[in-house]
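First comes the structure, then the notes that go with it.
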Amino acid sequence: MTTTSISQPHNTLYVSNIDWKVKKPMLKRALHMLMTRHGKVLEVVALRKDGLRGQAFVIFDDVTSATEAMQQENGTLLFGKPLKVQYALEKSDRISKRDGTYVPKAKREKKTNNNSNNNNSNSQSETNVGRENPSTHSEMTATAEGTATTENLVPPPPPPNATTTTTNNNNDQPPSHILFATDLPPECNEMMLAMLFRQYTGFVEVRIPRAGLAFIEFDDEPHATLALQRLNGFQLTTNDALKLTYGKA
DNA sequence: AGCACA
């Protein structure tokens, strides 16, 4: 009789334990960037109201993607803190409207214990994966160690001919003033990327919410586009080339 | 810890 009411699968994930210092637009972009690798993200909702700080709702197009994202991203680091990812309790308005079951907020009932038996297919209740153990080397102050690649960053690379044929992940975002970098080598920090991107007009800032991922902000889309065309595919190390895509504005 | 969307 395990009456532990674990929330049942939803399109929407409830993400908590987020660093409350992170500003809301940045947080939404970072979450979108993380989650879109597991499937199509319809929307990221974050509130700054009291009691809702450090939390967000990530709405997926389908439940399968949400489930995968939950299993993969629960416990992973974002802005230095391990994320807590679980299903949301309630269906998002975004989804209800798609289903045609949307009820305005005023008419909402409180939770009725009327759980009609939803026999979930609990055939394989996998215990947590636990494979991803974020080791304690997450200190970002690793500049003391030989970052010999810094020297390589200074000369601007020649523009590659192959512009758009580069790896578009599943990132179908339209052009925006935000660029995303994925699969960065772990030793790549914000300073290195800033050094690389500040050569281009309109550069604002670079943030690395998690090792390997960064977003680079420009003042407008054309400037971001130029930097993307010039720097996409740039050889960061002998093994790693810079992978750039557009981020959600 | 904590479950919103106007």
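By convention in this document, chain letters (A, B, ...) are assigned in the order of the sequence lines, proteins followed by strands, and residues within each chain are numbered from 1.
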From [atom1] of [X] over to [atom2] of [N], roughly how many Å is that when rounded to an integer?
X       : N     : atom1 : atom2 : answer
A:Gln55 : B:dA1 : CD    : P     : 11 Å
A:Arg53 : B:dC3 : CZ    : P     : 14 Å
A:Phe60 : B:dC5 : CZ    : P     : 21 Å
A:Ile59 : B:dC3 : CD1   : C1'   : 12 Å
A:Asn17 : B:dG2 : CG    : P     : 12 Å
A:Leu89 : B:dG2 : CG    : C1'   : 10 Å
A:Ile95 : B:dA4 : CD1   : C1'   : 14 Å
A:Asp50 : B:dA1 : CG    : P     : 16 Å

Closest non-hydrogen atom pair, A:Leu179 against A:Ala224 |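 Closest pair (atom of A:Leu179, atom of A:Ala224, distance): CD1-O, 3.5 Å.
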What heavy-atom pair brings A:Leu242 and A:Leu196 nearest, and what distance separates the two atoms?
->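 Looks like CD2-CD2, 4.0 Å.
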Compute the centroid of each ring, for A:Phe57 and then for A:Tyr14, and state whether the two points are separated by less than 6.0 Å.
->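 A:Phe57 vs A:Tyr14: aromatic centres under 6.0 Å.
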Position toward the 5' end of DNA chain B (nearest nucleotide), A:Ile18 or A:Lys49 |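 Its nearest nucleotide being more 5', the pick is A:Ile18.
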